[in-house]
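Notes to accompany the following structure.
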Amino acid sequence: MSLFSRLSLVQRQGDAVIAADGGEQREEAANGISEDGSVSRISAKAGVLLRTLKPGDITNFPNKGDQCTIHYEAFTEDEICNSKHHGKNPESFDSSRNREQTFQFRLGFGQVIEGMDVAVSKMSIGQEVEATIPYPFAYGIAGYPPVVPPRATLIFRIELIRFSSVV
């Protein structure tokens, strides 16, 4: 069973991002996007940062309510930093790859942490990203003891395998 919970709604409109969080809605230009789409800041409020590891088809993006199938690996930012400092590979606290089983959820229905909903909503089929998710859009101030410490920024490596509309 996965550790995900909570909800976000972010919609794509051309080169702008419409974010609705906590009843507020605002528009902002997507920034930090290189020509190959390798880095994109999704929402100033959410602060979710995506770095493309492998481009997707750049055509097929999931919509709210779609059933998404992904692979992911979840790390705390501290684990990533400590591993780099000590020259070792980071250890994930949760991973669909380690279980050798994909993970499915309905996008925008609060079945995953808010930052995951935000990240996957911006991915196309086949894309692999590294998503940096600040604690307010992950497990919050309390964390998820003993697995995720309080106020932990999380790093997710996500691959969008497929999605389908749910009727």
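Side-chain atoms of S121 never come within 3.5 Å of backbone atoms of A119 as a donor-acceptor pair (strictly under, hydrogens ignored). Judged purely by atom type and a 3.5 angstrom limit, S95 uses its side chain to pair as donor or acceptor with the backbone of R97. A donor-acceptor contact shorter than 3.5 Å is absent between the side chain of E73 and the backbone of R157.
Residues N63 and L107 fail the side-chain proximity criterion, which asks for heavy atoms closer than 4.5 Å. Side-chain contact check for Q127 versus T52: some heavy-atom pair is nearer than 4.5 Å. Side chains of S124 and N60 form no contact here, defined as non-hydrogen atoms less than 4.5 Å apart. Residues F103 and V112 form a side-chain contact, since some pair of their non-hydrogen atoms from C-beta on lies under 4.5 Å apart. In this structure the side chain of I70 reaches within 4.5 angstrom of the side chain of F105, judged on heavy atoms. For the pair I158/V120, a side-chain contact is recorded, criterion being any heavy-atom separation below 4.5 Å from C-beta on. T69 is listed as a side-chain neighbour of Q104, based on a closest heavy-atom distance under 4.5 Å.
Pairing each heavy atom of A131 with each of L50, the nearest pair is CB-CD2, 3.5 Å. Nearest heavy atom pair, residue E79 against residue N89, reads OE2-O, 4.4 Å.
Under a hydrophobic clustering in which Ile, Leu, Val, Met, Phe, Trp and Tyr are joined whenever their side-chain heavy atoms come within less than 4.5 Å, directly or via other members, V129 and F75 fall into different clusters. Residues I155 and L160 fall into different hydrophobic clusters, defined by Ile, Leu, Val, Met, Phe, Trp and Tyr side chains chained together at heavy-atom separations under 4.5 Å. Residues I80 and L49 are members of separate hydrophobic clusters, defined by side-chain heavy-atom contacts under 4.5 angstrom among Ile, Leu, Val, Met, Phe, Trp and Tyr. Grouping the Ile, Leu, Val, Met, Phe, Trp and Tyr side chains by contacts below 4.5 angstrom, directly or via other members, places V147 with F137. Neither F61 nor I161 shares a network with the other; the hydrophobic side chains, linked directly or stepwise wherever heavy atoms of I, L, V, M, F, W or Y lie under 4.5 Å apart, form separate groups for each.
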| Where do T132 and E77 land on the side-chain hydrogen bond (donor to acceptor under 3.5 Å, both in side chains) test, with the steps shown first? | CA-CA 8 Å; T132 302; E77 187 176 53; 5.7 Å; no

| request: Could you please spell out the steps behind the side-chain contact (heavy atoms from CB on, under 4.5 Å) verdict for N98 and S92? | output: CA-CA 9 Å; N98 289 347; S92 64; 3.5 Å; yes

| request: Start with the C-alpha gap between Y135 and I141, add the side-chain angles, then the distance that decides, and say whether side-chain contact (heavy atoms from CB on, under 4.5 Å) holds. | output: CA-CA 7 Å; Y135 76 87; I141 293 170; 3.8 Å; yes

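Taking NZ from K84 and CG from N82, the interatomic distance works out to 11.5 Å, rounded to the nearest 0.5 Å. Expressed to the nearest 0.5 Å, how far OG1 of T76 lies from CG of L154 amounts to 7.5 Å. Of the inter-residue distances, the one linking S83 atom OG with E91 atom CD reads 7.5 Å to the nearest 0.5 angstrom.
R162 has no carboxylate O lying under 4.0 Å from a charged side-chain N of D66, or vice versa, which leaves the two without a salt bridge.
At a cut-off of 3.5 Å, with distance as the only test, a side-chain donor of H71 or S96 sits close to an acceptor on the other residue.
The aromatic rings of Y72 and F156 lie tilted to each other, with the angle between the two planes from 30° to 60°.
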